[in-house]
Visitor: 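Sharing a structure with you now.
Side chains included, hydrogens not; waters and symmetry mates left out as well; all remaining heavy atoms used. Numbers restart at 1 for each chain; the letters A, B, ... are given by sequence-line order, proteins then strands. All figures in this text were calculated on a predicted structure; none of them were measured in a lab.
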Number of protein chains: 2
Amino acid sequence: MLKQYEPVERDVDLLFHALADPSRRAMVDRLTRGPASVSELARPLEMSLPAVVQHLHVLEASGLVRSQKLGRVRTCTVEPDALRTAERWIAQRRTFWEQSLDRLGEYLAGNHESAQQRSEQ
Amino acid sequence: MLKQYEPVERDVDLLFHALADPSRRAMVDRLTRGPASVSELARPLEMSLPAVVQHLHVLEASGLVRSQKLGRVRTCTVEPDALRTAERWIAQRRTFWEQSLDRLGEYLAGNHESAQQRSEQ
DNA sequence: GCAATACTTAAGTCGATGCTTAAGCAATAT
DNA sequence: ATATTGCTTAAGCATCGACTTAAGTATTGC
């Protein structure tokens, strides 16, 4: 029975933070179609190269992307394990909640709404 | 064939941003064990009530949490659909990448490393 | 009515983020 | 050898984010 690697809170922070930016998600997207150099990653993004490199650092810090430099070209690849970590975090909560629904019965189903006011101010 | 709801980029931004904070994840965690009031959510967190309310706003904006006010108590619940959206986003990229691995062959497996220097400066 | 409860709003602090431009610098190409 | 390419580093800047305290406002309990 191999015990699965349990991510510390900080890891999850970095992971979701990395995924919270559209440019970084675009970079991940691109990399799921195969490895790419920094300038290839930069081409579709409307920002300077240094900005892209900064995003790349965030992605590498999160473990989502790895890169290696050969000559003057840095080649980047996705790390599917990191994606799996994020996926698992979510899946655990979601299924737990869905199981809870059974245990709790229909907490909101009993037409509690009728006596309640809407939350949006 | 029901076409699944496709989240816009902004939605995904809000979702992952909401999940990128440990206090907010703790709140989601708590809510997967059942509904809770704002002060119940606040109790285990070492911060002021207004801070918790701000986190709650972020969670509601992301769609992860809903809340309703009855009398002077606001009751919060998780919204598993939002969790599913995030999960799906990740799963799509991960499986795409894993399929790519087949198409690309072992891009890095051919002992390219032997001639390469490490990326970390 | 009066106090306590459960938020709610407002304002301010301060460090982190997401850019930018300007200069490097090592690895090719000519 | 010199120029071009492909990053890399540094500095600066404006905005955002995660808090805080102080001062409300409705409910509810006594």
Visitor: Atom CZ in B/Arg24, atom CD in B/Gln54: separation rounded to 0.5 Å?
Guide: 10.5 Å
Visitor: Given the ring of B/Trp97, does B/Arg93 sit roughly above its face, with NZ or CZ under 6.0 Å from the centre of the six-membered ring and within 45° of the axis?
Guide: no
Visitor: Parallel, tilted or perpendicular for A/Phe16 and B/Phe16, by the 30°/60° rule?
Guide: parallel
Visitor: Between C/dA27 atom C1' and A/Gln68 atom CD, what is the distance in whole Å?
Guide: 17 Å
Visitor: If I compare all heavy atoms of A/Arg74 with all of A/Ser67, which pair ends up nearest, and what's the gap?
Guide: NH1-OG, 2.8 Å
Visitor: For A/Leu70 and C/dA26, give me the distance from atom CG to atom C1', rounded to whole Å.
Guide: 14 Å
Visitor: In residues 38-56 of chain B, which ones come under 4.0 Å of DNA chain D, going by heavy atoms?
Guide: B/Met47, B/Ser48, B/Pro50, B/Ala51, B/Gln54, B/His55
Visitor: So, using side chain to side chain donor-acceptor pair (under 3.5 Å) as the criterion, who are the partners of A/Glu9 when residues are at least two apart?
Guide: B/Arg25
Visitor: Look at the side chain of A/Arg72 and the base of C/dA27, then say whether one donor and one acceptor between them are separated by less than 3.5 Å.
Guide: yes
Visitor: In whole Å, I'd like the distance from the CG atom of A/Leu59 to the P atom of C/dG18.
Guide: 11 Å
Visitor: What are the residues of residues 15-24 of chain A, sorted by number, that bring a heavy atom to within less than 4.0 Å of DNA chain D?
Guide: none
Visitor: Within this structure, what is the CD-CD distance for the pair B/Glu87 and B/Gln92, rounded to the nearest 0.5 Å?
Guide: 11.5 Å
Visitor: Give me the atom names and distance for the closest heavy-atom approach of B/Leu31 to B/Cys76.
Guide: CD2-O, 3.4 Å
Visitor: Taking all non-hydrogen atoms of both residues, which atom of B/Ala82 and which atom of B/Ser62 are closest, and how far apart?
Guide: CB-O, 4.4 Å
Visitor: Considering only side-chain heavy atoms of A/Lys69, which listed nucleotide, D/dC7, D/dT5, D/dT28, is closest?
Guide: D/dC7
